[in-house]
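This one's a predicted model, so the numbers in the text were calculated from it and none came from an experiment. When a ligand or atom number is given, it counts from 1 through the structure's own listing order.
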Amino acid sequence: MFWTKSFITTSKEAPEGAESVSHRLMLRTQMVRMLIAGVYSYLPLGWRVLKKIEEIIREEMVRAGAQEVLLPALQPLELWQKTGRDELLGETMLRFTDRRGRKLCLGPTHEEVVTQIAAHFVRSYRDLPFTLFQVQTKFRDEIRPRFGVVRSCEFIMKDAYSFDRDDAGLDKSYETMRAAYERIFRRMGLDFLTAKADSGIIGGDVSHEFMVPAESGEDVLYRCKICRAFSSRQDTADSGCPHCKQDMEKINALEVGHIFKLRDKYSDVLGVKYLDESGRQRVVQMGCYGIGVSRLIPAVIEQNHDADGIIWPRAVAPYEVMVVPVNVKESGVVNAAVLLHQRLKEAGFSVLVDDRDERAGVKFKDADLLGSPVRITIGNKWLQTKKFEVTDRRSRQSVEAQDAELVAAVVRLLEGARKDG
Ligand code: ATP
Ligand code: MG
């Protein structure tokens, strides 16, 4: 992509009211734009990151044996009345009546819809187990939408639902999903913790949350200053680290995922039953598994930035390589940038060329702000020696490379920037 042909723009300042680092950086790079409080558009840079995150999640869900579906956002309230969650969700659920007089809501989550589908298809023990997942827009009329897409009223979630014959099956599905979640967050370069959690309005008895330590996080955890073990309970933390008895410090975190053993909470009410080997009727055991797909963008930025901008881990970078031809009035420099773009794309990298007629300082500042893991500068040195400068965004270390060594140098830096588990 060439900057002058793209929709990309940056701003020096974030609008007033952007309270967190990630929100400010997402606005300064025009990844998202607010329509009304709690509702955001994704612009090309933000959408590219979101797609990369979605792809990682999809790959790991499929690897874990889950099958993708797409369930409707538009749902009948009647179904929610059956499980009693119509009342439980209260004003969080956006409701309205259509022209036929049907009472509808915009789905804040999908346990009811997916369980009703399963009730129709499951008959015998041979139909089990299975896990379905989707990447879909959820609606929640949050009391306090905050920090941009961290807490919004319309957001993208990956939700998965497992259906098993018995507790042992559910335990296995749950552990498979938990392992998949760990792979997902590791691949994205996140430092995260898994905490036992309260099941809240989703229900069930066992649940775990995946927490990303971040200054602007609304959840609080306690972490041992020495061995890094953590606890989500203050009373535990007050008596010292459960492992090494050292002091624990209070840290803020963002919840990026939450998994639940629902057991028969939904399957019983909505009638997901099957006949076992001996012809006895039994209730299916369910689990549900959510990831805040859109919240993951700010989560990654909270953990990967410096004073000058974002430092994307390679796996989710909107562009892996940024090419900066310093003086676009030199036709040799422009030609070199076009050739480089071509070559790097052929080598499989995503590339943004800053072909604007701007001062070098402006371009370097924007490259830092946008945060591609690798920058290639075509500067004065190149004019004299045909040497490119290849710079690592995180360490700011540069190496010089001539044409023949260039791709290898980029690969070396990107491998370093991968932070892959
Ligand atoms: P929170 O405690 O942050 O309100 P939750 O426990 O209500 O979240 P879940 O029902 O567990 O959320 O949803 C699964 C995931 O969806 C959460 O772990 C979170 O990452 C994400 N999520 C939930 N609410 C929002 C929101 N309003 N905006 C963006 N992401 C959200
Ligand atoms: Mg939760």
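Of all the heavy atoms of Leu254, none lies under 4.0 Å from any atom of ligand 1, so neither backbone nor side chain is involved. Counting heavy atoms under 4.0 Å from ligand 1, residue Glu142 touches it through the side chain alone. Of the heavy atoms in Lys138, none comes closer than 4.0 Å to ligand 1. With a 4.0 Å cut-off on non-hydrogen atoms, Asp219 does not touch ligand 1 at all.
The protein atom (non-hydrogen) at minimum distance from atom 28 (N) of ligand 1 is Ser152 N, 3.1 Å. In terms of protein heavy-atom proximity, atom 1 (P) of ligand 1 is closest to Arg151 NH2, 3.5 Å. The protein atom (non-hydrogen) at minimum distance from atom 29 (C) of ligand 1 is Val150 O, 3.2 Å. Scanning all protein heavy atoms for the shortest distance to atom 15 (C) of ligand 1 gives Gly292 N, 3.8 Å. Protein heavy atom in closest approach to atom 30 (N) of ligand 1: Phe155 CD1, 3.4 Å. For atom 2 (O) of ligand 1, the closest non-hydrogen atom of the protein is Glu255 OE1, 3.4 Å.
The pair Asp171-Lys261 meets the salt-bridge criterion, with a side-chain N (NZ, NE, NH1 or NH2) lying under 4.0 Å from an Asp/Glu carboxylate O. A salt bridge links Asp167 to Arg263: at least one charged side-chain nitrogen sits closer than 4.0 Å to a carboxylate oxygen. A salt bridge does not link Arg102 with Glu78: every distance from a Lys NZ or Arg NE/NH1/NH2 to an Asp or Glu carboxylate oxygen is 4.0 Å or more. Taking 4.0 Å as the cut-off between side-chain N and carboxylate O, Glu154 and Lys138 do not count as a salt-bridged pair. With respect to the salt-bridge test (charged N to carboxylate O, under 4.0 angstrom), the residues Glu415 and Arg412 do not qualify. A salt bridge is absent between Asp366 and Arg28: the closest approach of a Lys/Arg side-chain nitrogen to an acidic carboxylate oxygen does not fall below 4.0 angstrom. Taking 4.0 Å as the cut-off between side-chain N and carboxylate O, Asp392 and Arg394 do not count as a salt-bridged pair.
Within the 4.0 Å heavy-atom shell around ligand 1 one finds Val149. Using 4.0 Å as the threshold, Val256 has a heavy atom nearer than that to some atom of ligand 1. A heavy-atom separation below 4.0 Å is found between Gly257 and ligand 1.
Between Arg140 and ligand 1, an N or O atom pair is found at a separation short of 3.5 Å.
In summary, of the residues considered (Arg123, Arg165, Arg282), a salt bridge (Lys or Arg N to Asp or Glu O under 4.0 Å) with Asp276 occurs for Arg282 alone.
Evaluated by nearest non-hydrogen atom to atom 13 (O) of ligand 1, the leading choice among Met157, His258, Glu111, Glu209 is Met157.
Listed by chain and residue number, the protein N/O/S atoms under 2.8 Å of the Mg ion (ligand 2) are Glu255 OE2, His258 ND1, with waters left out.
A distance-only check finds a donor-acceptor pair linking the side chain of Gln303 to the backbone of Asp191 [under 3.5 Å]. Counting only distance, with no hydrogens or angles, the side chain of Glu302 and the backbone of Ser22 share a donor-acceptor pair below 3.5 Å. Judged by distance alone, the side chain of Ser372 and the main-chain N or O of Val374 form no donor-acceptor pair under 3.5 Å.
Judged as a ring-ring contact (aromatic ring centres under 6.0 Å, His included), the pairs with a partner in residues 239-298 (not counting sequence neighbours) are, in order, His258-Phe260.
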